[in-house]
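Working notes, structure below.
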Amino acid sequence: VYVVRDDINSRVKIGTALNPLDRLRALQTGKSVRLRLMAILAGGREAERRLHSLWPERRLIGEWFDDRDREISRIIIWSISSDGIVWPGE
C-alpha cells in the first residue's frame, strides 16, 4: 500500500502497487503539480480496503481523498511506528 499526497490540492491517494516508486512516476506523468510519496505500508489490498473505509465521506474519485485538514496525513504519520509503515528511501 502506498500513500501519495498532492499538497497543492490537499488530496491523498491510497493505493496498492508492486513498485510504489514506479507507480508514483506513472501518476506524476501529465500532472502540473508535484506528487509526494508519503509512505509505504504493509498489508496489501486488505490494508488498502481498511484505509479506504475509514474516510468514505472524504472520497473524491477513485482512490483520491480530500485531506484539506490533513487528518489523513496526520493519522498515517502517527501510525508509522506501530503499523509497519516504511518511509520511502529507508
Side-chain angles (χ1 to χ4, degrees):
V1 176
Y2 62 85
V3 181
V4 168
R5 181 165 175 83
D6 168 351
D7 288 320
I8 300 298
N9 297 302
S10 300
R11 296 176 177 177
V12 170
K13 182 177 192 327
I14 301 168
T16 59
L18 292 176
N19 188 327
L21 293 175
D22 284 348
R23 182 65 178 132
L24 175 63
R25 285 185 204 98
L27 290 168
Q28 189 64 65
T29 301
K31 296 281 188 219
S32 61
V33 297
R34 177 68 54 197
L35 300 176
R36 179 168 50 98
L37 183 60
M38 287 182 55
I40 301 171
L41 297 76
R45 294 206 184 274
E46 180 57 32
E48 177 196 34
R49 276 191 287 275
R50 282 183 299 196
L51 288 168
H52 285 183
S53 73
L54 293 175
W55 300 287
E57 72 287 350
R58 292 172 173 263
R59 188 174 230 146
L60 298 169
I61 188 168
E63 298 176 327
W64 286 96
F65 295 82
D66 179 355
D67 195 31
R68 279 178 277 176
D69 64 0
R70 300 185 71 85
E71 176 185 327
I72 297 171
S73 295
R74 282 195 304 270
I75 289 172
I76 295 295
I77 291 167
W78 174 82
S79 65
I80 288 171
S81 62
S82 62
D83 287 341
I85 297 174
V86 178
W87 285 105
E90 290 191 75

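Just so you know, these numbers come straight off a predicted model, no measurement behind them.
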Distance, nearest 0.5 Å, that separates [atom1] of [X] from [atom2] of [Y]:
X: L21; Y: I40; atom1: CG; atom2: CD1; result: 5.5 Å
X: R34; Y: D6; atom1: CZ; atom2: CG; result: 11.5 Å
X: I77; Y: I72; atom1: CD1; atom2: CD1; result: 12.0 Å
X: N9; Y: K31; atom1: CG; atom2: NZ; result: 9.0 Å
X: I14; Y: L41; atom1: CD1; atom2: CG; result: 8.5 Å
X: T16; Y: L51; atom1: OG1; atom2: CG; result: 11.5 Å

Enumerate, atom names and distances included, each donor-acceptor pair closer than 3.5 Å involving a side-chain atom of residues 55-62, sequence neighbours excluded.
from: W55; atom 1: NE1; to: E71; atom 2: OE2; distance (Å): 3.1
from: R58; atom 1: NH1; to: D66; atom 2: O; distance (Å): 3.1
from: R58; atom 1: NH1; to: D69; atom 2: OD1; distance (Å): 3.1
from: R58; atom 1: NH2; to: D69; atom 2: OD1; distance (Å): 3.2
from: R58; atom 1: NH2; to: D69; atom 2: OD2; distance (Å): 2.7
from: R58; atom 1: NH2; to: E71; atom 2: OE1; distance (Å): 3.0
from: R59; atom 1: NE; to: G62; atom 2: O; distance (Å): 2.6
from: R59; atom 1: NH2; to: H52; atom 2: ND1; distance (Å): 2.9
from: R59; atom 1: NH2; to: G62; atom 2: O; distance (Å): 3.3

- Task: Could you point out which residue of K13, R11, R5, R74 forms a side-chain hydrogen bond (donor to acceptor under 3.5 Å, both in side chains) with D67?
- Result: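 The passing option is R5.
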- Task: If you link ILVMFWY side chains whenever their heavy atoms are less than 4.5 Å apart, which other residues fall into the same cluster as L18? By chain and number, please.
- Result: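 Hydrophobic cluster check, L18: no partners found.
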- Sequence neighbours left out, what passes side-chain contact (heavy atoms from CB on, under 4.5 Å) with A26? Give chain and number order.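 Expected list: R23.
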- Task: Side-chain contact test, heavy atoms from C-beta onward, threshold under 4.5 Å: evaluate it for L27 versus Y2 and give yes or no.
- Result: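 In contact.
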- Query: Shortest non-hydrogen contact from A42 to A47?
  - Reply: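 Shortest heavy-atom separation between A42 and A47 comes out as O-CB, 3.7 Å.
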- Message: Using every non-hydrogen atom in the two residues, find where P20 and A17 come nearest and quote the distance to one decimal.
- Response: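 Heavy-atom minimum between the residues: CD-O, 4.0 Å.
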- Message: Is there a path of hydrophobic side-chain contacts, each under 4.5 Å between heavy atoms, that joins V33 and V12?
- Response: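 Cluster IDs for V33 and V12 differ.
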- CA sep, side-chain torsions, deciding dist, call: R49, V1, side-chain contact (heavy atoms from CB on, under 4.5 Å): CA-CA 10 Å; R49 276 191 287 275; V1 176; over 6 Å; no
